[in-house]
There are 2 protein chains.
Amino acid sequence: MMDAMSSDLIPRLWGKPPAGRRGPKPALSVAQIVEAAYVIADEQGLAAVSMARVAEAVGCSPMALYRHVKNKDELLILLADRLCNDLPEPDRDLEWREGLAAWMRAQVDLAVRKPWFLDLPIAATLPGPNRLAWIDLGFYYLRDVALPAEEKLAILGIVAQYALGEAKIEVEAALSDPDNPYASFEEMLVTYADPERFPHLMASMATWQPAAPGEESDSDDPSAFGQSLLMAGIAAHIERHIERSDRK
Amino acid sequence: MMDAMSSDLIPRLWGKPPAGRRGPKPALSVAQIVEAAYVIADEQGLAAVSMARVAEAVGCSPMALYRHVKNKDELLILLADRLCNDLPEPDRDLEWREGLAAWMRAQVDLAVRKPWFLDLPIAATLPGPNRLAWIDLGFYYLRDVALPAEEKLAILGIVAQYALGEAKIEVEAALSDPDNPYASFEEMLVTYADPERFPHLMASMATWQPAAPGEESDSDDPSAFGQSLLMAGIAAHIERHIERSDRK
DNA sequence: ATTAACTGTTTATAAAATACGCAGATTGGA
DNA sequence: TCCAATCTGCGTATTTTATAAACAGTTAAT
């Protein structure tokens, strides 16, 4: 009657046991499979995560995996959620600014610790349970903020998205080979960029302060700038919202 | 003597002709190859972009491509930069807020128009010439803003990163199958989320306003919220910066 | 007990990237 | 002019993928 449920992904994400229990007890579990994939990615990078290698690690034939996972893409989605388990135990004594900053920073740190996270195809917006728990923590930090839930969610999305970009930058900086002459943005500019082609960029860059060594920055957290920018924006939005409520 | 230059990527990105010209005239060009890949991605999605198919489109054997492109990853990087050519002709009569908003929106629209853009492995932070031209436009919009170049660059990075996230959401919303019962975040919550496991999230969601039909939102631009948040943050940062300068 | 549903497996296919080496073209220098 | 260096494009072959299809054993509902 109803055509086959288009996706069992979500039940699998949430570890729901499929109702009918008829055949033999499964020797494998989704969690086991995902864990094996996790270890492989950790040790040899995401590219090394193939169905065959996961199967070997878990001690079964490659095709056995398909009984528990629709295909490789789904495995990667499960893996992405699994990774959110590695986010640290939070400090609960923070008001929203500090809390959100820590929340953000923890995500960056996770990606730096596990750079293969950034290689995951992160198309899926729908979070699994682990990611959702992390979102729940975000809501905790926003507990005293007077905003509708949907706006809080949007804010957390923006902050998380920023964390992703920041992580990308930091990972790239960590990997950057000092022998590579084009490692940095500035070097690329002086080598290739024609002032006539990029006039405004070059004009602004002409006044570049080439980070005196030792003085690096006010803080040693490279995400400090973006962080304060976001927090300022959020604070402004909150005030505007309160104003509007009061006027009513 | 010196071991082979680790990467010819950047010369290729910038279309620099390799100095020595001895052998036969190339029948293929990098631009041609990238263009073919672009068309295939456009018509059949990024997954359809294989070396073989690109070769066929361009009328050569698969292996011929490797004379012009180090490997597939490099082709995709070139493709990503090529895509930035499709960004629209900008309106130059905007002050920074409007300008940056348009700058951001154009990126979202591009990704919505060409959803396969989001499938690209976007690890590379170093922009090619087309992306750089777009960054130059960002600097144009910030022309009257009194901030150091590095902070302007960071701001553009943050805005672009936000655009990416927003695009992901909008693309997913556009693709979401109305038959799929778990399409939306809220539906997933009511189906799976245990209030004990996600207390703060659920408490906040309890007061969810389920978007009365027809009233959707104040504006019909779904990125309006994030946009105003970011602009507020940037404005606050600018003011703080001016204050600090004045005090000196 | 029979049967339906479920497990893991075996075998096979198809598509993918890309290493390797050849043949012909082109050009700079003798 | 001729030769050698150098570069192009190509044919062949290898390796690694994901995954389809059919099968044999296992369990629980009937």
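All figures in this text were calculated on a predicted structure; none of them were measured in a lab.
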Rounded distance in Å - NE2 (B:H68) to C1' (D:dC10): 12 Å
A:E74 CD to A:L65 CG distance, which is reported to the nearest 0.5 Å: 12.0 Å
Nearest-nucleotide pick for A:K72, side chain only, options being C:dT9, D:dA18, D:dG11: D:dA18
OP1 or OP2 of C:dT10 under 4.0 Å from side-chain N/O of A:S61: no
Nearest-Å distance for atom pair CG/P, residues A:L65 and C:dG8: 9 Å
Contacts of B:D73 that satisfy side-chain hydrogen bond (donor to acceptor under 3.5 Å, both in side chains) - sequence neighbours left out: none
Backbone of B:A41 reached by a side-chain donor or acceptor of B:K114 within 3.5 Å: no
Heavy-atom protein contacts under 4.0 Å, nucleotides 24-30 of chain D, coded B base, S sugar-phosphate only, - none: -BBBSS-
Integer-rounded Å distance: D:dT15 C1' and A:M51 CE: 19 Å
A:S29 vs B:N71, nearer the 5' end of DNA chain C by closest nucleotide: A:S29
Test of ring centre spacing under 6.0 Å for A:W103 and A:Y141: no
Pair A:F139 and B:H200, ring centroids less than 6.0 Å apart: no
Ring geometry between B:Y38 and B:W116 (parallel below 30°, tilted from 30 to 60°, perpendicular above 60°): perpendicular
Side chain of B:P26 (C-beta onward), nearest among D:dG9, C:dT9, C:dG8: D:dG9
Euclidean distance, atom CG of residue A:L46 to atom P of D:dT17 [Å, nearest integer]: 12 Å
Length of the line joining B:R53:CZ and C:dA15:C1', which is rounded to integer Å: 9 Å
